[in-house]
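All remarks here apply to the structure that follows.
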Protein chains: 2
Amino acid sequence: METNDSAACLEMKGVKPTANRILVWKALRQSAHPMSLTDLEEVLETMDKSSIFRVLTLFLEHDIVHAFEDGRGILNYEPCTSKTACNLSDAHIHFYCESCRKSFCLDDIPLPEFHLKEGFTIHSVSFVIKGECPQCRKKES
Amino acid sequence: METNDSAACLEMKGVKPTANRILVWKALRQSAHPMSLTDLEEVLETMDKSSIFRVLTLFLEHDIVHAFEDGRGILNYEPCTSKTACNLSDAHIHFYCESCRKSFCLDDIPLPEFHLKEGFTIHSVSFVIKGECPQCRKKES
DNA sequence: GCAAGAATGCAACCGGGTTGCATCGTACGC
DNA sequence: GCGTACGATGCAACCCGGTTGCATTCTTGC
């Protein structure tokens with residue numbers, strides 16, 4: 001994941017690859033977990049919160065990342081991949097560890113089936129399971 | 001739903017039925033939708049936000065109401081009923097209308113099945129479907 | 001090299017949620 | 001009845017994630 005690759009990747013999605021945007025993109029790619037605005041702020045010390053925010057907003061508009069609320073109502077961002085498709089009927093399951101406060105993208109779990117009453121139009125779906133992740137569980141025992 | 005009934009109801013759950021607590025309880029019972037702290041603030045003009053907040057917190061502790069995040073990450077409260085059981089494996093599906101910004105408790109829809117990877121402990125589950133409710137949909141067309 | 005527009009940093013703001021603290025109300029003992 | 005002690009309440013201030021206005025700093029095309 002070199003800078004050149006990142007730049008090319010952003011450009012491909014229709015976004016000018018500025019230094020900051022590449023920083024944000026790399027941070028998201030390199031993280032094992034979806035990141036919140038605050039997480040990114042801590043990692044990208046050189047960047048202002050508002051700049052990160054604007055980059056994320058831009059990325060969202062260009063389907064470069066997608067966002068979801070974690071268990072605390074805080075937005076988390078993660079790069080769009082082939083696995084986590086970013087179309088209108090965008091649907092993910094996420095796991096939020098209440099111990100380490102990290103989110104996990106459970107993209108290998110199929111979205112459960114459900115049926116709505118007549119008349120409801122679905123825009124998006126947000127499934128979050130809260131609990132304790134394997135690592136934290138081990139630590140406690 | 002007389003005041004006496006409300007008082008008795010609260011007392012049964014181990015909460016002293018003060019005037020304010022009865023007000024909050026009645027407001028929640030009378031509302032067709034789950035209510036946020038702000039919703040309650042607007043309805044209960046005589047009460048301070050912090051008082052409402054503390055009443056809600058107390059109600060949560062006593063399983064009188066339960067709370068969930070709506071589509072915006074804002075907590076919504078609704079009275080516990082036999083339908084929406086308030087046990088540990090508390091699981092609801094909610095619908096959030098992005099047009100009128102109201103939440104709907106879809107307690108007649110069964111919780112979908114899903115299976116987690118080994119090692120994850122589930123504390124609670126939050127399923128929110130965002131979209132447009134029948135009323136808003138009608139208005140638009 | 002320069003002007004025009006985009007990107008950025010700073011500071012301030014917003015809104016939901018939360019807390020410290022002083023006051024008020026009430027229930028109980030006397 | 002009366003005082004006291006404790007819980008409930010209101011007020012104000014704070015926290016934090018998110019958002020915006022504005023001035024400054026790049027870029028980029030010319």
Side-chain angles (χ1 to χ4, degrees), chain A residues 3 6-7 10-11 13-25 27 33-62 64-78 96 98 101-103 126 128, chain B residues 6-7 10-11 13-25 27 34-62 64-78 96 98 101-103 126 128:
Chain A
T3 298
S6 300
L10 295 184
E11 211 142 26
K13 300 281 187 100
V15 160
K16 203 203 306 186
T18 69
N20 275 346
R21 289 174 188 167
I22 291 171
L23 281 177
V24 173
W25 174 243
H33 300 275
M35 298 178 87
S36 68
L37 180 58
T38 311
D39 293 338
L40 285 163
E41 243 187 300
E42 281 165 16
V43 173
L44 305 172
E45 295 174 351
T46 57
M47 280 185 75
D48 185 73
K49 181 174 61 159
S50 64
S51 299
I52 301 174
F53 173 75
R54 281 189 269 240
V55 168
L56 289 172
T57 306
L58 186 75
F59 281 6
L60 280 177
E61 286 165 3
H62 285 77
I64 294 171
V65 302
H66 54 254
F68 63 93
E69 286 167 31
D70 68 13
R72 299 163 293 173
I74 295 173
L75 281 177
N76 275 238
Y77 301 85
E78 64 187 343
Y96 174 70
E98 293 177 325
R101 296 181 194 172
K102 278 182 189 151
S103 291
S126 153
V128 180
Chain B
S6 300
L10 294 184
E11 211 143 24
K13 300 281 188 97
V15 162
K16 202 203 307 184
T18 69
N20 275 347
R21 289 174 188 168
I22 291 171
L23 280 177
V24 173
W25 175 242
M35 298 177 86
S36 68
L37 180 58
T38 310
D39 293 339
L40 283 164
E41 243 186 301
E42 281 165 16
V43 173
L44 306 172
E45 295 173 352
T46 58
M47 281 185 73
D48 186 74
K49 181 173 63 160
S50 64
S51 298
I52 301 174
F53 172 75
R54 281 190 268 240
V55 167
L56 289 172
T57 306
L58 185 75
F59 282 6
L60 281 176
E61 287 165 3
H62 285 76
I64 295 172
V65 302
H66 55 255
F68 63 94
E69 284 167 32
D70 69 14
R72 298 164 292 172
I74 295 174
L75 281 178
N76 275 236
Y77 301 86
E78 62 186 346
Y96 174 71
E98 293 178 325
R101 295 182 195 169
K102 278 180 189 151
S103 291
S126 152
V128 180

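Convention: sequence-line order gives letters A, B, ...; per-chain numbering from 1.
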Just by distance, do the side chain of Arg21(A) and the backbone of Val55(A) share a donor-acceptor pair under 3.5 Å?
no
Partners passing side-chain contact (heavy atoms from CB on, under 4.5 Å) against Arg101(B) (at least two apart in sequence or in another chain)
Arg72(B), Tyr96(B)
Give the rounded distance in Å between these two atoms: CD1 of Ile52(A) and C1' of dG18(D).
13 Å
Taking CG from Leu40(A) and P from dG17(D), how many angstroms apart are they, rounded to a whole number?
13 Å
d(CD, Glu69(A); C1', dG17(D)) in whole Å
12 Å
Students often get this wrong, so: under 4.0 angstrom with heavy atoms, is Ser51(B) touching a base, only sugar-phosphate, or nothing?
base
Gly73(A) backbone acceptor or donor facing Glu69(B) side chain under 3.5 Å:
yes
Listing time: all N or O pairs from protein to nucleotides 24-30 of chain D that are below 3.5 Å?
none

Is the shortest heavy-atom distance from the side chain of Met35(A) to the side chain of Val43(A) under 4.5 Å?
yes
Residues passing the side-chain hydrogen bond (donor to acceptor under 3.5 Å, both in side chains) test with Asn20(B), sequence neighbours excluded, are none
Result block: side-chain N/O donor-acceptor pairs under 3.5 angstrom for residues 45-54 of chain B, not counting sequence neighbours:
| residue | atom | partner | partner atom | Å |
| --- | --- | --- | --- | --- |
| Asp48(B) | OD2 | Ser50(B) | N | 2.9 |
| Asp48(B) | OD2 | Ser50(B) | OG | 2.6 |

Whole Å only: how far is the CG atom of Asp39(A) from the C1' atom of dG18(D)?
14 Å
Going 5' to 3' through nucleotides 14-24 of chain C, assign each nucleotide B (protein heavy atom under 4.0 Å from a base atom), S (under 4.0 Å only from sugar-phosphate atoms) or - (no protein heavy atom that close).
--SBBBBB---
So, using ring pair (Phe, Tyr, Trp, His ring centres under 6.0 Å) as the criterion, who are the partners of Phe68(A) when residues are at least two apart?
His94(A)
Let me know which of Asp39(B), Ile64(B), Leu60(B) forms a side chain to side chain contact (heavy atoms under 4.5 Å, CB included) with Tyr77(B).
Leu60(B)
